[in-house]
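Quick caveat: nothing in here was measured; it's all calculated off a predicted structure.
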Amino acid sequence: MIANTLWERRMSAFRLEREMSERTRKWLVREKLTVKSEFAVPWGICDFVGVEFEPERVAHRLRLGQKKSIGSALGVDLLGHIPDQETGRSVSLLRLGKLYDGWLDSDHLVAELRKLKASKFVTCDEDLRRFQKINGWAPIHRRVVAVELKLWRTEEVLVQARANLAFATESWVGMPDSIAARIASQPRRARLFRESGIGLLAIGRARCRCLIVPLPRTTVANTLQLHVVERFWPLCIKDN
């Protein structure tokens, strides 16, 4: 392992991780993703996260007048418990209160519901007793892509990339071209990526190459993933 690390340091075309950033960003943009760098997640910072939105669903959401982001993770989670208007069903304030009993008091719950109503995500009766979600567009994304950059230290970056699977539909590790090629050619090290469902991106001075493609994953649509996507919404509507 020490020999591999020394060789990798000598062979790297980059001396600093940030030198790979611009090439990585360009690759993500070519993938039709809206991109953010240094993206905060509950366990730290992800180097790059990109979201591919579904244009027709974006247009539908804007037609509904839902121009604001849902906002907090609580708001995202709360919407997940409110039936769509099209179903004809609704949920009571009492029922929602029981779902959040023990960690959210009624005043905070009502305040969050008022925010969702003001942003046109929910509709309710005059007494704020029963709620329905104004939807028809969720999920609004096709893909959520996470990329962790590392000059070497394969095992360390794999831990980070695996954690990103909690919200990403694709999780990648980006490494200098020569080092990534060496990893992909070694069965044991390449198997670590494939068995983890992690992609390997070879980053060169002129281009990026996909050496190991991550396992396809359907949209997770959990609270964390949806909250991540909502943080990209202001960037999405700039182009609409």
Legend entry - Check: Phe121 ring centre within less than 6.0 Å of Phe131 ring centre: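 Ring centres of Phe131 and Phe121 not closer than 6.0 Å.
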
Ignoring hydrogens and geometry beyond distance, is a side-chain donor-acceptor pair present between [X] and [Y] at under 3.5 Å?
X      : Y      : result
Ser92  : Arg129 : no
Trp43  : Gln160 : no
Tyr100 : Asp77  : yes

Legend entry - same_hphob_cluster(Leu215, Leu158) at 4.5 Å side-chain heavy-atom cutoff: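 They do not share one cluster, since no chain of ILVMFWY contacts under 4.5 Å joins Leu215 to Leu158.
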
Inset, instruction - Among Ile203, Val173, Thr24, find the one that has a side-chain contact (heavy atoms from CB on, under 4.5 Å) with Val147. - result: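 By the side-chain contact (heavy atoms from CB on, under 4.5 Å) criterion, Val147 pairs with just one of Ile203, Val173, Thr24: Thr24.
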
Inset, instruction - Please check if atom NE2 in His81 has more than 12 non-hydrogen atoms from other residues, nucleotides or ligands closer than 6.0 Å. - result: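 Above 12, so yes.
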
Inset, instruction - Provide the closest heavy-atom pair for Val35 versus Leu235 in the form atom of the first, atom of the second, distance. - result: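 Smallest interatomic distance, heavy atoms only, reads O-CD1, 4.2 Å.
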
Main-chain N/O of [Y] paired with [X] side-chain donor or acceptor, under 3.5 Å:
X      : Y      : answer
Gln66  : Lys120 : yes
Ser185 : Arg182 : yes
Ser69  : Glu230 : yes
Glu170 : Ala146 : no
Ser196 : Ile198 : no
Thr169 : Val144 : yes
Glu38  : Asp47  : no
Asp84  : Glu86  : no

Legend entry - Test item: Lys117 and Thr123 side chains (from C-beta on) under 4.5 Å apart, heavy atoms: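 Of all side-chain heavy-atom pairs linking Thr123 with Lys117, none is under 4.5 Å.
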
Inset, instruction - Apply the salt bridge (charged side-chain N to carboxylate O under 4.0 Å, His left out) test between Arg142 and each candidate in Glu56, Glu31, Glu54; give the one that qualifies. - result: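 Looking at Glu56, Glu31, Glu54, the match for Arg142 under the salt bridge (charged side-chain N to carboxylate O under 4.0 Å, His left out) is Glu54.
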
Inset, instruction - Have a look at Asp177 and tell me which of Arg209, Arg207, Arg23, Arg205 forms a side chain to side chain donor-acceptor pair (under 3.5 Å) with it. - result: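 Considering Arg209, Arg207, Arg23, Arg205, a side chain to side chain donor-acceptor pair (under 3.5 Å) with Asp177 is found only for Arg209.
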
Legend entry - Ring geometry between Trp27 and Trp172 (parallel below 30°, tilted from 30 to 60°, perpendicular above 60°):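 Perpendicular: the ring planes of Trp172 and Trp27 meet at over 60°.
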
